[in-house]
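Written below as structure tokens is the structure these notes are about.
Given the structure is predicted, the values throughout are model-derived calculations rather than measurements.
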Amino acid sequence: MNRRTVLALAVGAALLIPGCTGTGGSTKGADAKAAADPSKVTGTIKVLTVRTDLVQDGTMKRYAAEFNRTYPKVKVEFEALTNYEAEVKIRMNTENYGDVLLIPAVIKKADYPKFFASLGTQAERGKKYRFTDFTTVDGKVYGQSPVGVMPGFVYNKRVWKEAGITEWPTTPAEFLESLKAIKAKTDAIPYYTNFSAGWTLTSWTYVDGAVHCDPQATTKLAEGDPWAKGADLRVGDTLLHDIVKSGLIEKDPTTSNWEESKPRTAKGEIATQWLGTWAIVQFQDAAKKAGANPDDIGFMPFPSQTNGKYCATVAPDYNQAVNVHSKHKQAARAWIDWFTDKSSYVEDNLAISPLKDASMPEVLKPYEEAGVELIEVDDAKGAEVKQIDNTSEVGIYAPEYRQNLVDLARGARKGSLEDFLADLSERWTEAQKTAGS
């Protein structure tokens with residue numbers, strides 16, 4: 001599994017837990033503070049990750065070797081989990097859930113202090129790092145992503161050009177017509193849902209904010225109806241529905257295969273997938289292995305413009321955190337800090353750095369040339385949105401909601417799009433009434 005991307009966070013030092021020894025401690029709720037001398041940071045730590053590919057090919061081991069040049073007395077062990085969310089959720093009923101882990105989506109933001117050690121104040125960390133508000137509780141930061149990601153369409157530029165399309169579509173209707181042209185003029189599958197993987201479909205939630213270039217998109221999820229006429233999620237869900245209903249997807253989405261979709265896209269058998277910047281390097285690598293041209297892999301924003309500009313939201317990938325029960329918090333924090341500040345993980349993944357003073361990756365040059373506006377969505381209401389989502393049982397961050405939408409569009413589920421979206425609206429707005437109570 002190569003879900004989104006992962007790992008650790010910022011600064012190149014270690015931490016000292018008040019009242020604990022130099023190897024860390026298990027003091028609940030204690031901040032993971034930076035220590036001065038890397039040579040005194042010791043311990044064996046387990047790092048949980050979703051990047052099974054990087055563990056299997058030795059990349060993570062290489063990062064650990066580089067880390068040990070600065071922290072020679074820390075041993076880093078990795079555990080890659082294929083079904084990360086489900087497995088970690090079970091483990092978090094105990095105190096044994098690794099020393100460094102990715103914060104699962106299921107954990108309520110207000111509960112972060114119960115499970116994770118503080119990394120410092122948002123006031124201080126926000127000067128250097130992006131995305132600190134996503135894991136801030138009562139002014140303290142509990143996680144930091146090593147990379148920023150943007151949603152978008154990974155596409156085969158050669159196939160789109162063969163279909164006569166040389167400019168990015170500016171509206172959902174234009175995008176739909178482009179896919180129809182690909183179907184008519186090439187042998188490629190215009191759009192691949194990756195239905196079976198499930199998690200790939202959750203990427204459609206991240207059209208939110210991009211459709212109308214709105215930094216307050218998350219606030220509107222908390223306070224408004226996400227499926228009202230013209231609302232971002234309604235626009236995205238309608239486009240996905242129309243793509244499927246128009247027969248522009250794989251023949252049988254229930255037999256789709258995520259890993260196989262990468263070389264197939266690279267070779268031009270598949271034209272387009274809605275994923276994120278994190279996928280670009282994986283598809284380019286697949287092209288190299290398949291003997292295809294990695295330069296054929298392109299990335300385009302959602303087909304919508306505001307004031308003549310495309311917009312794309314920049315958000316953190318999985319946020320790394322230190323287990324509050326870890327006996328080696330100092331070593332865990334040292335790994336997290338080094339990984340974000342000093343490792344080549346950002347460059348290796350052609351990703352957006354969480355460091356505010358870092359430049360954009362070369363692969364996103366076309367975005368700069370097209371004047372795509374990059375926005376960071378305010379996550380102040382993020383916890384409330386998750387609460388509403390849980391109460392409503394809509395599951396905007398879970399696969400079933402859009403699997404049901406795809407099934408509806410392909411005739412495997414009864415009903416109309418209007419009724420489907422109206423049901424989502426009703427459940428969501430009803431749940432808003434009790435949010436925070």
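No side-chain donor from either of Q144 and T135 sits under 3.5 Å from a side-chain acceptor of the other. Side-chain polar atoms of D348 and S344 form a donor-acceptor pair below 3.5 angstrom. Side chain to side chain, T205 and R402 meet the donor-acceptor criterion of an N or O pair below 3.5 Å. Looking only at atom types and distance, the side chain of T429 has no donor-acceptor partner in the side chain of D225 under 3.5 Å away.
Under a cutoff of 6.0 Å and an axis angle of 45°, R410 and F195 form a cation-pi pair.
Relative ring orientation between F131 and F134 is described as perpendicular, the plane-to-plane angle rising above 60° on a 0-90° scale split at 30° and 60°. Ring pair F420/Y401 is parallel by interplanar angle, where below 30° counts as parallel and above 60° as perpendicular.
The heavy-atom pair separating D99 from S326 by the smallest distance is OD1-OG, 2.6 Å. Nearest approach of Y310 to P169, heavy atoms of both residues: OH-O, 3.0 Å. Closest of all the heavy-atom pairs between A279 and V154 is CB-CG2, 4.1 Å. When all heavy atoms of S196 and T255 are compared, the pair lying nearest together is OG-N, 3.7 Å. Annotation for M92 and P104: closest pair SD-CG, 3.7 Å, computed over non-hydrogen atoms. Between P215 and E376, the shortest heavy-atom distance links the atoms CB-O, 3.9 Å.
A side-chain donor-acceptor contact under 3.5 Å links K356 to the backbone of G126. The backbone N or O of A431 lies less than 3.5 Å from a partner atom in the side chain of T434, making a donor-acceptor pair. Although no hydrogens or angles enter the test, the distance criterion places no donor-acceptor pair under 3.5 Å between the side chain of T121 and the main chain of G139. Of the possible polar contacts, one joining the Q432 side chain to the A222 backbone as a donor-acceptor pair under 3.5 Å is found. When atom types are taken as modelled, the side chain of D389 and the backbone of G395 share a donor-acceptor pair closer than 3.5 angstrom. Checking side-chain atoms of Y97 against main-chain N and O of F115 turns up a donor-acceptor pair under 3.5 Å. With S304 contributing its side chain and T171 its backbone, the two residues share no donor-acceptor pair below 3.5 Å. In this structure, the side chain of N319 engages the main chain of S145 through a donor-acceptor pair within 3.5 Å. A side-chain donor-acceptor contact under 3.5 Å links T277 to the backbone of M150. Judged by distance alone, with hydrogens and angles left aside, the side-chain atoms of S246 form no donor-acceptor pair with the main-chain N or O of L248 at under 3.5 Å.
Taking CG of D53 as the start and OG1 of T59 as the end, the distance is 7.5 Å to the nearest 0.5 Å. Within the model, atoms CD1 of I45 and NE2 of H328 stand 9.0 Å from one another, a figure rounded to the nearest 0.5 Å. Here I107 contributes atom CD1 and K386 contributes atom NZ; the two are 9.0 Å apart, rounded to the nearest 0.5 Å. The OH atom of Y345 lies 4.5 Å from the CZ atom of R51; values are rounded to the nearest 0.5 Å. To the nearest 0.5 angstrom, T202 atom OG1 is 10.5 Å from E400 atom CD. A distance of 10.5 Å separates CD in Q403 from OG1 in T254, rounded to the nearest 0.5 Å.
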**Item:** Full working for side-chain contact (heavy atoms from CB on, under 4.5 Å) between D232 and V235
**Value:** CA-CA 5 Å; D232 285 18; V235 171; 5.7 Å; no
**Request:** Could you please spell out the steps behind the side-chain contact (heavy atoms from CB on, under 4.5 Å) verdict for T238 and L421?
**Result:** CA-CA 9 Å; T238 299; L421 298 179; 4.2 Å; yes
**Item:** Test log, rule side-chain contact (heavy atoms from CB on, under 4.5 Å), inputs Y155 and F283
**Value:** CA-CA 10 Å; Y155 72 109; F283 281 64; over 6 Å; no
**Request:** Report the C-alpha separation of F175 and M300 in whole Å, then their side-chain angles, then the decisive distance to 0.1 Å, and conclude whether the side-chain contact (heavy atoms from CB on, under 4.5 Å) test is met.
**Result:** CA-CA 11 Å; F175 186 85; M300 75 172 82; 4.2 Å; yes
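Between D138 and K140 there is no salt bridge, since no side-chain N of the basic residue sits under 4.0 Å from a carboxylate O of the acidic one. Under a 4.0 Å N-O distance rule, the pair D111/K108 does not qualify as a salt bridge. Classification of R427 and E430 as a salt-bridged pair fails, no side-chain N sitting under 4.0 Å from a carboxylate O. Between D379 and K109 a salt bridge is recorded (basic side-chain N to carboxylate O distance below 4.0 Å). Residues K114 and E95 are not paired through a salt bridge, judged by the lack of any N-O separation under 4.0 Å between the basic side chain and the carboxylate.
Considering only heavy atoms from C-beta on, L417 stays 4.5 Å or farther from K245 through its side chain. A heavy-atom distance below 4.5 Å is not found between the side chains of N349 and W278. With a 4.5 Å cut-off on side-chain heavy atoms, R91 and L48 count as touching. Inter-residue side-chain proximity for Y129 and L355 is flagged as met; some heavy-atom pair is nearer than 4.5 Å. Side-chain contact between T313 and D208: absent, with no pair of heavy atoms (C-beta onward) separated by less than 4.5 Å. Side-chain contact between I243 and L239 is present, with at least one heavy-atom pair separated by less than 4.5 Å. Contact of the F299 side chain with the V363 side chain is not registered, since no non-hydrogen atoms from C-beta on lie closer than 4.5 Å. Under the 4.5 Å side-chain criterion, counting only non-hydrogen atoms from C-beta, I352 is in contact with L364.
In summary, the aromatic rings of Y367 and W168 are positioned with their centroids under 6.0 Å apart.
In E368, the CD atom is crowded: over 12 heavy atoms of neighbouring residues, nucleotides or ligands sit closer than 6.0 Å. Environment of CG in N307: sparse, with no more than 12 heavy atoms of neighbouring residues, nucleotides or ligands closer than 6.0 Å. No more than 12 heavy-atom neighbours from other residues, nucleotides or ligands sit within 6.0 angstrom of CG on N96. Heavy-atom neighbours of E426 CD from other residues, nucleotides or ligands within 6.0 Å: at or below the threshold of 12. Remark: E174 CD is packed, more than 12 non-hydrogen atoms of other residues, nucleotides or ligands lying under 6.0 Å away.
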Per-pair distances, 0.1 Å, donor-acceptor, side chain in residues 263-276, under 3.5 Å, sequence neighbours excluded:
{"unit_1": "R264", "atom_1": "NE", "unit_2": "E269", "atom_2": "OE1", "d": "3.0"}
{"unit_1": "T265", "atom_1": "OG1", "unit_2": "S261", "atom_2": "O", "d": "2.7"}
{"unit_1": "T265", "atom_1": "OG1", "unit_2": "Q273", "atom_2": "NE2", "d": "3.2"}
{"unit_1": "T272", "atom_1": "OG1", "unit_2": "W160", "atom_2": "NE1", "d": "3.0"}
{"unit_1": "T272", "atom_1": "OG1", "unit_2": "P190", "atom_2": "O", "d": "2.9"}
{"unit_1": "Q273", "atom_1": "OE1", "unit_2": "N194", "atom_2": "ND2", "d": "2.6"}
{"unit_1": "Q273", "atom_1": "NE2", "unit_2": "S261", "atom_2": "OG", "d": "3.3"}
{"unit_1": "W274", "atom_1": "NE1", "unit_2": "S203", "atom_2": "O", "d": "2.8"}

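For the ring-ring contact (aromatic ring centres under 6.0 Å, His included) with F67, the qualifying choice from F78, W338, F339 is W338, the only one to do so.
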